[in-house]
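Everything below concerns the one structure shown next.
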Amino acid sequence: MSLLVKNADVLVTMDGERRELEGGCLLVEGGVIASVGPALPADEVLDASGCVVTPGLVNTHHHLYQSLTRAVPGGQDALLFGWLQRLYPIWARMGPAHMKVSAQIGLAELALSGCSLSSDHLYLYPNGVRLEDTIEAAQSLGMRFHPTRGSMSIGESDGGLPPDSLVEREADILEDSIRLIDQWHDASDGAMLRIGLAPCSPFSVSRELMRDSALLARDKGVMLHTHLAENDEDIAYSLERFGCRPGEYARDLGWVGDDVWHAHCVKLDVNETNLFAATGTGVAHCPCSNCRLGSGIAPVRAMRDAGVKVGLGVDGSASNDAGDMISEARQAMLLQRVQNGADAFSAREALELATLGGAQVLGRSDCGSLEVGKRADFAVWDMQGLANAGAWDPVAALVLCGPQRARDLYVEGRPVVREGQITGLDMPVILEQACKLAAGLA
């Protein structure tokens, strides 16, 4: 079956020349982009009149399990460490059903914001939880997914932040990591599922687990992910505990390279930024969460100017508290302008972070742009509604105006969102389940 997307007001390619094609068409065959530009015969036609078509957005950092713990009293006005200490005991009561439904809610929310590929960082496994709970959720929607086997091994009794009930034996963590990679990881072009390894943070795992995870990941050919340099508390902990800054700690343990991406990096200094640029290390920028937790403004302009790969992440739904990728792009643009001036970051650069930038961070050369041979992941945005009325530049309006919702989202050439509705799930049933589970936790 072939699909022709035709009559787009603007087709945003994000190719090497960043072409934007007025009246552009997209031909899809077998989940792959076969042609960009001219209208060609196809089995099915999708009319994009009055719409902007973009590559599917890419979310480089999330904690999907947190979708059932939004706006929790006692955590709404806390800094990172206090926020975690409030929520850890709640998360400790979650089980497999919580994880799956929470992931379905989070991924559906992302899809409606135009996101076709999402990573996830699951670092706690209470009450029989497995990474498969989130994998099944992604498969039920048809989303392209890059979950990471996170971990915590240093509890409060050993000087860590998490309660002892949520940490695991390091041997068990590594054993389960091997199991997951061997069973689920797909390194092929066009893969719908890839696995990464992601010790939670330098303040919740040991130096040995960080090092061993890096060795295992490279032996198995998978990517590495963790939180790094998120706020002033994070920097102070690193200096006191390890005698160095987070970037130095990462470098010493092998946590730099084009197979590594770090979340947040709000407090990177010039030397750490240059280190990441020189080694090809990626950054997941989470502007809304950084604002919500008062962590600060990440030096994204400086990172980009130095050559660091930067993508966007919504972070967990308990610290954002939304999962909206197009809003994340807008916030990224606004924060860089607050910090560096009104001409420091354009709407198109923010959209690039949300698409091509994220794909580069996740090592997906087959995604992130609309080019012949790449995977058919694209979003269709109806620009004729109230939110965009009067907009002269429809591409910039995607970021500058709003709120925006994708009219259609296709992943691997298959519809995940059609006419603003999730196609693969009975959302009223899922929402009812989510409300009951959240009420039980409360």
Side-chain angles (χ1 to χ4, degrees), residues 57-64 66-67 69-72 75-87 106 110 113 115 118-121 123 161 198 200-204 225-238 245-247 250 261-269 272-273 276 281-304 308-340 344-345 349-350 353-354 357-358 361 399:
L57 310 189
V58 179
N59 177 32
T60 61
H61 185 64
H62 206 331
H63 305 293
L64 286 166
Q66 294 180 12
S67 298
T69 54
R70 306 188 208 226
V72 173
Q76 297 172 11
D77 305 310
L79 296 176
L80 174 64
F81 283 15
W83 171 82
L84 284 169
Q85 288 166 332
R86 169 70 177 104
L87 286 158
L110 285 170
S113 75
C115 179
S118 182
S119 66
D120 185 46
H121 189 183
Y123 53 80
L161 198 66
C200 181
S201 63
F203 53 79
S204 58
H225 183 50
T226 193
H227 299 93
L228 200 79
E230 185 168 353
N231 70 355
D232 290 331
E233 292 174 300
D234 198 342
I235 301 297
Y237 184 94
S238 184
R245 288 184 55 84
W261 86 102
H262 295 289
H264 302 298
C265 297
V266 174
K267 299 296 180 178
L268 284 195
D269 67 12
E272 290 164 322
T273 297
F276 282 16
T281 306
V283 170
H285 175 43
C286 306
C288 290
S289 177
N290 295 158
C291 288
R292 159 77 151 75
L293 294 173
S295 298
I297 302 174
V300 174
R301 179 72 277 152
M303 291 182 197
R304 293 269 294 172
V308 177
K309 295 182 297 187
V310 182
L312 295 180
V314 301
D315 202 8
S317 295
S319 69
N320 187 309
D321 292 28
D324 186 327
M325 277 297 296
I326 203 71
S327 293
E328 216 68 44
R330 186 174 194 271
Q331 189 77 348
M333 176 195 70
L334 294 177
L335 285 176
Q336 293 310 300
R337 291 181 176 209
V338 166
Q339 189 176 62
N340 302 298
F345 218 83
E349 186 170 11
L353 289 189
V361 166
V399 177

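- At least one donor-acceptor pair closer than 3.5 Å links the side chain of Ser113 to the backbone N or O of Met325.
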Verdict with reasoning, Thr273 to Val308, per side chain to side chain contact (heavy atoms under 4.5 Å, CB included): CA-CA 7 Å; Thr273 297; Val308 177; 4.0 Å; yes
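- Every side-chain hydrogen bond (donor to acceptor under 3.5 Å, both in side chains) that Ser118 has, sequence neighbours left out, goes to Asn59.
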Residue pair Cys200, Thr226: steps toward the side chain to side chain contact (heavy atoms under 4.5 Å, CB included) verdict: CA-CA 6 Å; Cys200 181; Thr226 193; 5.7 Å; no
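- When atom types are taken as modelled, the side chain of Arg301 and the backbone of Ala344 share a donor-acceptor pair closer than 3.5 angstrom.
- Shown here for Leu268 and Pro299, the closest heavy-atom pair between the two residues is O-CG, 4.0 Å.
- Note on residues 229-238: pairs passing salt bridge (charged side-chain N to carboxylate O under 4.0 Å, His left out), not counting sequence neighbours, are Asp232-Lys267.
- Between Ala329 and Ala350, the closest heavy-atom pair is O-CB, 3.4 Å.
- The two atoms that bring Val361 and Gly311 nearest to each other are CG2-N, 3.4 Å, heavy atoms only.
- Not counting sequence neighbours, the partners of Ser119 by the side-chain contact (heavy atoms from CB on, under 4.5 Å) test are His146, Trp261, Leu362.
- With contacts defined as side-chain heavy-atom distances shorter than 4.5 Å, the pair Cys288/Val314 does not qualify.
- Taking the salt bridge (Lys or Arg N to Asp or Glu O under 4.0 Å) definition, one finds that Asp269 meets it with Arg245, sequence neighbours left out.
- Here the side chains of Thr69 and Ser317 are not in contact, with every heavy-atom distance at 4.5 Å or above.
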For residues 79-87, dump all side-chain donor-acceptor pairs below 3.5 Å to protein atoms at least two apart in sequence or in another chain.
residue: Trp83; atom: NE1; partner: Ala318; partner atom: O; Å: 3.1
residue: Arg86; atom: NE; partner: Pro73; partner atom: O; Å: 2.8
residue: Arg86; atom: NH2; partner: Pro73; partner atom: O; Å: 3.0

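- The one candidate from Gln331, Met333, Glu349 that meets the side chain to side chain contact (heavy atoms under 4.5 Å, CB included) condition with Val399 is Met333.
- The salt bridge (Lys or Arg N to Asp or Glu O under 4.0 Å) check on Arg292 picks up Asp321, with sequence neighbours excluded.
- In this structure the side chain of Leu57 reaches within 4.5 angstrom of the side chain of Ile326, judged on heavy atoms.
- In this structure Glu328 satisfies the salt bridge (Lys or Arg N to Asp or Glu O under 4.0 Å) test with no other residue, sequence neighbours excluded.
- Two residues are said to be in side-chain contact when any heavy atoms from C-beta on lie closer than 4.5 Å; Asn340 and Phe345 fail this criterion.
- Of the candidates Thr60, Val266, Asn320, Asp315, Asp315 is the only one forming a side chain to side chain contact (heavy atoms under 4.5 Å, CB included) with Cys286.
- Across all non-hydrogen atoms, the minimal contact from Pro287 to Ala332 is CG-N, 3.8 Å.
- Under the 6.0 Å cut-off for aromatic ring centres, His225 and His262 do not qualify, their centroids lying 6.0 Å or more apart.
- For Met303 against Ala298, the heavy-atom pair with the smallest separation is CE-CB, 4.5 Å.
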Working for side chain to side chain contact (heavy atoms under 4.5 Å, CB included), residues Val300 and Leu353: CA-CA 10 Å; Val300 174; Leu353 289 189; 4.3 Å; yes
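- Put simply, the side chain of Glu272 does not reach to within 4.5 Å of the side chain of Cys265, judged on heavy atoms.
- Annotation: ring-ring contact (aromatic ring centres under 6.0 Å, His included) contacts of His264 (sequence neighbours excluded): His61, His227.
- If you take OG on Ser201 and OH on Tyr237, they are separated by 8.0 Å, rounding to the nearest 0.5 Å.
- Scanning for side-chain hydrogen bond (donor to acceptor under 3.5 Å, both in side chains) contacts around Gln66 gives an empty result, with sequence neighbours left out.
- Formation of a donor-acceptor pair under 3.5 Å by the Gln336 side chain with backbone atoms of Ile297 is not found in this model.
- The two residues Ala354 and Leu312 come nearest to each other via the heavy atoms CB-CD1, 3.9 Å.
- In this structure, the side chains of Leu110 and His62 come closer than 4.5 Å at one or more pairs of heavy atoms.
- Applying the side-chain hydrogen bond (donor to acceptor under 3.5 Å, both in side chains) rule to His285 yields no partners; only residues at least two apart in sequence or on another chain are considered.
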Candidate pair His121 and Leu64, rule side chain to side chain contact (heavy atoms under 4.5 Å, CB included), full reasoning: CA-CA 8 Å; His121 189 183; Leu64 286 166; over 6 Å; no
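- Here Ser327 pairs with Asp324 under the side-chain hydrogen bond (donor to acceptor under 3.5 Å, both in side chains) rule; sequence neighbours left out.
- Looking at heavy atoms from C-beta onward, Phe203 lies out of side-chain contact with Ser238 at the 4.5 angstrom threshold.
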